[in-house]
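Okay, structure first, notes after.
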Amino acid sequence: MFDLAGKVAIVTGGSRGIGRAVSIALATAGAHVLVNYRSNEDAAQETLRLIREGGGSGEILGFDVADPESVDECIKDAAKRLGHIDILVNNAGISIDQLLLRVSAKDLEMTWATNVNGALYCAKACIRSMMRHKWGRIINLSSVVAESGNPGQVVYSSSKAALLGMTRTLAREYASRGITVNAVAPGFIETDMTADLPDAARQSIIDQTPLGRIGRPEEVAAAVVFLASEEASYITGQVVRVNGGMHV
Ligand code: NAD
C-alpha cells in the first residue's frame, strides 16, 4: 500500500519482536533496511532472511545504541556507502521493572543509556544525511505507560516519556528541513519483552483493553510504515497510540 522504494531505513534493535516486524514491514514496502543488533547476530540474520524471503532487501548492522562513538561511526559509514539514510526507527529498548524504593542508580543509568541517549545518538547520526536530502522520517518507539503511568515501571515509563519530549522538540527543530519526527506508543504487545509476565497480570491487561486482546508486533509495524510514508508528510510531533484502546 505505501511505497518506500529507494529509501534507506535503519531499525535499531531489529533482531526480534517489534523491531523485526518493523524491519520486515519497511522492506515489504520497498525500503532497503539496515537491521541493527547489539549482540545477537544470528537473530538479526534471521530477520534479514525473512526480509529476503519476502522479496525485500537489507543488511545487518551491529552496534550498541548506548555507545555514541560506535553509533556515529556505523551510521556515518552506512550513509556514505549507501548515499543516504532516510528513515530511522528508534526501537531498541530495555525495561527494568522495579518500584521506586528498589530502583538502583545502575537501573536508571542502563535504561537511560539505551532508551533515551541511544535514541538521541542515532537521531544525531542520521539527521545530517536527512537534511542534505531535505527528506527524513524519525519514528520513536515510546509506550502507553509514558502517558498512563504504571506501578513498578517508574524507570521505564519515565524514559519512554522522555522520548515524547524528544519527539516534539526534534519535530519543531527539523520541520523546515523536510524531516518529520513522530512517536508510536504501543500498549501490551506479544514479544520477548512481555513473555515473562505472570498469567494474572496478563489477564488484567487484557481486561483493561477494550479490544480484549494483546497486540501483535505487526500491528505496531503498520503504524510505523504509515508514518515513514509520503502519505504521512503533514504529520509531525505526534504520538500514534497502538494500544487496543487501553489508554484513550
Ligand atoms: P524486545 O526486548 O523483544 O526487543 C528489544 C530489542 O532491542 C532487542 O532486539 C534488543 O537486543 C535490542 N536492544 C536492547 N538494547 C540495545 C542496545 N543497547 N543496542 C542495540 N539494540 C538493543 O522488545 P519489544 O517488545 O520488541 O520492544 C521494542 C520497543 O517497543 C522497545 O523500545 C519497547 O520499549 C517498546 N514497547 C514494547 C511494548 C511491548 O508490549 N512489547 C510496549 C510498548 C513499547
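Note that ligands are numbered from 1 as they come in the structure, with each ligand's atoms numbered from 1 the same way. The figures here come from the full heavy-atom set of this structure, side chains too, leaving out hydrogens, waters and symmetry mates.
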Is ligand 1 under 4.0 Å from a heavy atom in the side chain of [X], in the backbone, in both, or in neither?
| X | result |
| --- | --- |
| Thr194 | side chain |
| Tyr156 | side chain |
| Ser142 | backbone |
| Val144 | neither |
| Lys160 | side chain |
| Thr191 | side chain |

What residue and heavy atom of the protein are closest to [atom], and at what distance?
| atom | answer |
| --- | --- |
| atom 37 (C) of ligand 1 | Ile18 CD1, 3.6 Å |
| atom 38 (C) of ligand 1 | Gly187 O, 3.9 Å |
| atom 6 (C) of ligand 1 | Gly13 O, 3.8 Å |
| atom 8 (C) of ligand 1 | Arg16 NE, 3.7 Å |
| atom 18 (N) of ligand 1 | Asp64 OD1, 2.7 Å |
| atom 28 (C) of ligand 1 | Asn91 OD1, 3.1 Å |

Examine the side chains of [X] and [Y] and answer whether a donor and an acceptor come within less than 3.5 Å of each other.
| X | Y | answer |
| --- | --- | --- |
| Glu59 | His32 | yes |
| Gln153 | Asp97 | yes |
| Asn140 | Ser142 | no |

For atom 10 (C) of ligand 1, state whether the nearest protein heavy atom is under 4.0 Å away.
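So far as the 4.0 Å threshold goes, atom 10 (C) of ligand 1 is out of reach of every protein heavy atom.
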Within a radius of less than 6.0 Å around CZ of Arg81, do more than 12 heavy atoms belonging to other residues, nucleotides or ligands occur?
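Yes, the 6.0 Å shell around CZ holds more than 12 heavy atoms from other groups.
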State, yes or no, whether a side-chain contact exists between Val155 and Thr111 at a heavy-atom distance under 4.5 Å.
yes
Does [X], backbone or side chain, put an N or O under 3.5 Å from an N or O of ligand 1?
| X | answer |
| --- | --- |
| Phe188 | no |
| Val65 | yes |
| Ser15 | yes |

